[in-house]
Structure formats: structure tokens, C-alpha cells
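Down below is the structure, laid out as C-alpha cells.
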2 protein chains.
Amino acid sequence: MSHTYEYPRPALTVDCVVFGQDEDDLKVLLIQRGVEPFAGRWALPGGFVRMDESLDAAARRELEEEAGIRPAHMEQLYTFGAPDRDPRGRIVTVAYFALVKLSDHRLHAATDAREAAWFSVWDTPKLAFDHADILATALQRLKGKVRYQPIGFELLPPKFTLTQLQRLYEIILERPLDKRNFRKKILAMDLLEELDEVEQDVSHRAARLYRFDHKKYKQLEKAGFNFEL
Amino acid sequence: MSHTYEYPRPALTVDCVVFGQDEDDLKVLLIQRGVEPFAGRWALPGGFVRMDESLDAAARRELEEEAGIRPAHMEQLYTFGAPDRDPRGRIVTVAYFALVKLSDHRLHAATDAREAAWFSVWDTPKLAFDHADILATALQRLKGKVRYQPIGFELLPPKFTLTQLQRLYEIILERPLDKRNFRKKILAMDLLEELDEVEQDVSHRAARLYRFDHKKYKQLEKAGFNFEL
DNA sequence: ACGGCATAGTGTCCAACGCACACCCGGGTC
DNA sequence: GACCCGGGTGTGCGTTGGACACTATGCCGT
């Protein structure tokens with residue numbers, strides 16, 4: 001079955017930059033290509049947009065299909081449409097930016113026959129197409145956004161310690177933060193619920209666990225409150 | 001001549017939200033549609049992306065063709081792709097955001113046979129397609145961006161008074177600013193060149209003219225300086 | 001020439017915030 | 001019980017943001 005149009009059309013794909021935090025590293029999800037072009041190279045997960053689905057839906061579907069991932073946070077990043085960005089012809093791609101809790105998506109073997117794996121964002125293999133540009137754009141967005149919107153929490157498990165949170169910010173922003181000032185500021189926002197629980201199985205004093213209060217944040221946001229690290 | 005593909009493809013367009021400042025009003029450029037669907041309705045300028053041009057180039061070309069406009073500032077805004085956003089079928093559009101000096105683009109009759117006109121952004125006619133959503137997104141972007149990047153200057157003539165600049169910010173941000181604090185802050189950045197010229201033809205004390213120093217801004221930017229109103 | 005009018009231009013004070021900084025605490029290990 | 005490892009806490013200072021009101025200048029009308 002084929003499809004005919006009066007004027008030529010670019011093909012339209014979505015590609016997803018999925019970030020996860022692991023220990024002291026920021027990871028990005030990549031998939032090894034099985035076919036030409038760029039067979040064997042690593043690339044961002046993605047694929048063609050179907051005629052009856054929105055762009056967001058296409059991005060979610062591809063992530064589910066290719067890596068079994070349902071991200072907590074996802075937003076459109078940028079649309080890349082240089083005429084020569086794909087050797088197969090004119091293909092325009094809408095890039096998405098997603099955050100997942102790595103704890104939810106530990107080791108997963110290739111769900112879609114292809115190999116999927118997490119790489120440090122500071123040390124990725126050579127990527128297919130213009131995916132290195134897309135990744136760079138996504139990193140820039142993450143760095144810029146994390147200071148003004150509480151999206152960092154989407155990378156952490158539901159219960160976390162303040163030190164974990166601080167480490168996350170330090171990794172993303174690539175600079176050290178002062179412990180006392182960080183805690184003062186984040187607690188002053190009154191967005192964290194202090195739990196009656198502490199870390200388990202650590203060989204030192206256990207830290208208190210906190211949970212991000214999404215409801216409270218939405219309320220404060222409506223009232224004109226601005227999150228700012 | 002027709003074009004055939006193995007899988008169906010959405011059509012791809014660009015649409016431009018062009019802002020201009022006029023006196024005490026923020027204007028947006030609209031074009032009256034001549035054909036169905038939405039014949040007679042006002043819409044954002046835009047059109048189909050050609051196979052050999054980048055998305056940015058398509059946006060610039062459409063603006064030139066439909067309104068004879070070459071904007072000083074232009075950036076990609078967001079891509080809108082709801083399956084039902086166009087009654088003709090699946091059409092995905094990459095929206096752009098542009099700023100022009102209205103002084104450069106005064107009254108221009110319809111360049112492309114169609115009628116083009118400036119409307120107050122607070123009082124537009126009912127727009128075709130999902131263009132009202134696109135406009136709202138663009139306004140939000142403008143409001144957010146103007147405080148952290150010196151793009152406001154692209155809306156003013158090359159030489160302007162501090163009062164004009166302040167009015168512009170007040171219009172965009174929709175709130176009054178304090179004159180002394182505004183001047184203090186903007187001059188402290190050392191980005192404005194104080195000219196040996198004053199306004200002409202005013203029936204009161206003439207204000208000094210200033211010019212934005214793009215070169216100096218680029219230097220400071222490299223040195224880690226952050227513009228912030 | 002004089003007065004009136006419209007906008008230009010200018011400085012201080014106070015409160016809030018950002019940031020630098022160091023020590024004791026608690027729990028586990030050996 | 002000594003030690004090791006991170007957890008948890010408060011103060012002080014310099015900077016910044018924001019409120020606030022009067023004099024200066026030039027044109028116009030009489």
C-alpha cells in the first residue's frame with residue numbers, strides 16, 4: 001500500500017532524550033541501531049509519527065516500544081529539520097526531553113530486539129545523525145530548567161534524602177553547592193514533606209527521608225510562587 | 001506531478017508569530033485567509049516547508065513572501081501537531097517567534113495579494129486553526145524571555161529613549177515599573193551607548209537617546225554576564 | 001517675557017536575600 | 001570504646017531589590 005500527494009512531504013519522526021540519575025552520574029538512554037544508515041551506531045530512541053497520534057503520543061509510544069519506559073516528566077524540546085540531517089532523505093524530527101527515575105527502570109534487556117543502554121552524558125559513544133546536537137540541546141535545557149522548575153525530583157526515587165537531592169543538583173549544574181545554604185533554601189520553600197523514616201542499610205548515621213509534595217507545589221504555583229534554587 | 005511514499009506522511013508547515021511595538025500597544029502580524037478552510041478569517045503568516053530548505057529558512061521565506069518582512073530576531077517556538085488541528089487532514093506546524101521594529105515595517109499593503117495587518121495582541125479577531133494557542137504560547141515565551149535576554153531592543157528603533165524602553169517592558173510584562181530603579185538597573189549593565197542626541201519635535205523637554213551595544217553584549221555574555229531586568 | 005505644562009532626570013534608606021563559613025551528632029564497624 | 005563516616009545545624013556580612021518625591025529643562029500660549 002502506498003500514499004500519494006500532490007506536493008512532496010518530509011517524513012516526520014520523534015526522538016527522545018531520556019535522562020536518569022545514577023549515583024554520581026547523569027545518564028542518557030541510547031539504542032543501538034540495527035539497520036543502515038548508521039547500523040551499529042548508538043542513537044536516541046525514536047521513530048516515525050503515525051497519522052492518528054499527536055506528537056507527544058508518538059514520543060511516549062516509541063519510548064514504551066523501544067525501551068519499556070514511561071517517563072514521569074516529558075516535554076517537547078526542539079524540532080530539527082536541516083535538509084541533510086538524514087542520509088535517507090528529508091526527515092524532520094521533533095525532539096523530546098524526558099526524565100525518569102532510574103530506580104524504576106533498572107537494567108532492562110532490549111525490549112524491541114534492539115539493544116538499549118544507559119550512558120553517562122559526559123561520555124557517550126559517537127551518535128548517529130545529528131543526535132549529538134539534540135543531546136547537547138537537551139542538556140542545556142535541563143541545566144536551565146532545573147533551577148526554575150522543580151523537575152529534578154522526577155529523577156529521584158519518591159523518597160530521598162536532602163543529600164541525594166543536593167548531589168543531583170550538583171551533577172546537573174556541574175558545580176558544588178553549599179550544604180547549609182542548599183538545605184535552608186529548599187526547606188524554606190515548604191515543598192518537601194518530612195517523613196518519619198530514614199535511610200536503610202548505610203554504614204553511618206542514616207539520613208532522614210523526604211518526599212516532594214506535588215499538590216502543595218501546584219497550589220503555591222497558582223498563588224504566584226516561583227520555584228528557584 | 002505527484003509524490004508517492006510507502007507510508008503516509010503528515011504535511012509540514014511553518015507559522016510565524018511576529019511581534020511589533022506601536023506606541024503603547026504590542027502588535028501581532030496577521031493575514032486574512034483567502035481560501036477555505038477558514039476563508040476570511042485572520043491567521044498567522046505561514047506556509048508549507050519546501051523539500052530543500054531548513055525550517056528557519058522556510059519561516060523567513062514565508063514572512064518575506066506574505067508580508068515583505070525580514071525580522072531582526074527570530075527563533076523556533078514550538079511544534080504543534082494535534083491530529084485534528086487542521087480540517088484538511090494531518091498537518092504539523094513548526095511555529096516561529098519573531099520581533100520586528102515597526103518603524104521599519106510601517107503600513108504595508110498586502111504584498112502577496114492577501115491582506116496583512118497589525119492587531120493588538122490583547123484584542124485579536126477570532127483566529128483560524130489553533131493559531132490562538134500558538135499566539136498564547138508565543139506571548140508567554142516573550143514575557144519569559146524578555147527578562148533574561150536583551151531581545152526587547154529588537155522591537156525598538158535603533159535609537160531610543162530610556163522612557164521608551166521602560167514603556168516597552170511595562171507593556172510586555174503587563175505591570176508598571178519604577179522609573180528610577182529601571183534606569184539604575186539598565187544603565188548599570190553598561191550595555192547602552194549614550195548618544196549626543198536628543199528626541200526631536202516634542203513639546204516638552206527632549207530626552208536623551210541611547211543605542212543598544214550588541215558588540216559589548218556579546219563580549220560580556222562570553223565573560224559569563226547574565227542580562228536580567 | 002512670563003507662567004504653565006509635560007516629561008526628563010536624579011539619590012537615599014531599609015529590608016530581604018545570597019553566600020561564606022565550622023562544628024557537634026548519631027550510628028555503624030572493628 | 002574508639003574511630004570513621006556522613007548527617008544535621010546558625011550567624012554575620014555585603015549586596016541587591018524595591019519603595020519613594022522633588023528639581024530641571026524646553027516648548028507653548030498669552
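Source: prediction; values computed, not measured. Just so we're on the same page: letters track the sequence lines, and every chain starts at 1.
- To the nearest angstrom, P of D:dG10 lies 18 Å from CZ of A:Phe182.
- Taking the six-membered ring for Trp and the full ring otherwise, the centers of A:Phe80 and A:Tyr78 sit less than 6.0 Å from each other.
- Looking at A:Val18 and A:Leu63, their side chains come closer than 4.5 Å, going by heavy atoms from C-beta outward.
- Here the CG-CD distance, from B:Leu209 to B:Gln164, works out to 7.5 Å after rounding to the nearest 0.5 Å.
- Rounded to whole Å, atom C1' of C:dA8 lies 17 Å from atom CD of B:Glu197.
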Just the atom pairs and distances: protein N or O near nucleotides 14-18 of chain D's N or O, under 3.5 Å.
residue: D:dG18; atom: O6; partner: B:Lys184; partner atom: NZ; Å: 3.3

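- A salt bridge does not link B:Arg211 with B:Asp213: every distance from a Lys NZ or Arg NE/NH1/NH2 to an Asp or Glu carboxylate oxygen is 4.0 Å or more.
- Between A:Phe153 and A:Phe160, the gap from one ring centroid to the other is short of 6.0 Å.
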Within the sub-3.5 Å range, which N or O atoms of nucleotides 28-30 of chain D have a protein N or O partner, and how far apart are they?
none

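- Annotation: side chain of B:Ile172 is in contact with side chain of B:Lys143 (closest heavy-atom distance under 4.5 Å).
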Return the polar atom pairs (N/O with N/O) between nucleotides 7-9 of chain D and the protein under 3.5 Å, or none.
residue: D:dG7; atom: OP1; partner: A:Thr163; partner atom: OG1; Å: 3.1
residue: D:dG7; atom: OP2; partner: A:Thr163; partner atom: OG1; Å: 3.2
residue: D:dG7; atom: N3; partner: A:Arg205; partner atom: NH1; Å: 3.4
residue: D:dG8; atom: OP1; partner: A:Arg208; partner atom: N; Å: 2.8
residue: D:dG8; atom: OP2; partner: A:Arg183; partner atom: NH2; Å: 2.7
residue: D:dG8; atom: O5'; partner: A:Arg183; partner atom: NH2; Å: 3.4
residue: D:dG8; atom: N7; partner: A:Lys179; partner atom: NZ; Å: 2.7
residue: D:dG8; atom: O6; partner: A:Lys179; partner atom: NZ; Å: 3.3

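- Within a 6.0 Å radius of CD in B:Glu221, other residues, nucleotides and ligands contribute more than 12 heavy atoms.
- The CG-P distance, from A:Leu173 to C:dC19, rounds to 12 Å in whole Å.
- One atom, CD of B:Glu194, and another, P of C:dA8, lie 15 Å apart when rounded to the nearest Å.
- Considering B:Glu65, B:Glu64, B:Glu62 as possible partners of B:Arg70, the one that fulfils the salt bridge (charged side-chain N to carboxylate O under 4.0 Å, His left out) test is B:Glu64.
- A 4.5 Å side-chain heavy-atom check between A:Phe97 and A:Phe19 finds at least one atom pair inside the cut-off.
- Whole-Å rounding puts the B:Gln200 CD to D:dG26 C1' distance at 12 Å.
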Intermediate values then yes/no, salt bridge (Lys or Arg N to Asp or Glu O under 4.0 Å), A:Glu75 and A:Arg141: CA-CA 11 Å; A:Glu75 64 184 69; A:Arg141 173 89 135 240; 3.1 Å; yes

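- Side chains of B:Leu191 and B:Phe212 form a contact here, defined as non-hydrogen atoms less than 4.5 Å apart.
- Here the C1' atom of nucleotide C:dT10 and the CG atom of B:Asp178 are 12 Å apart, to the nearest Å.
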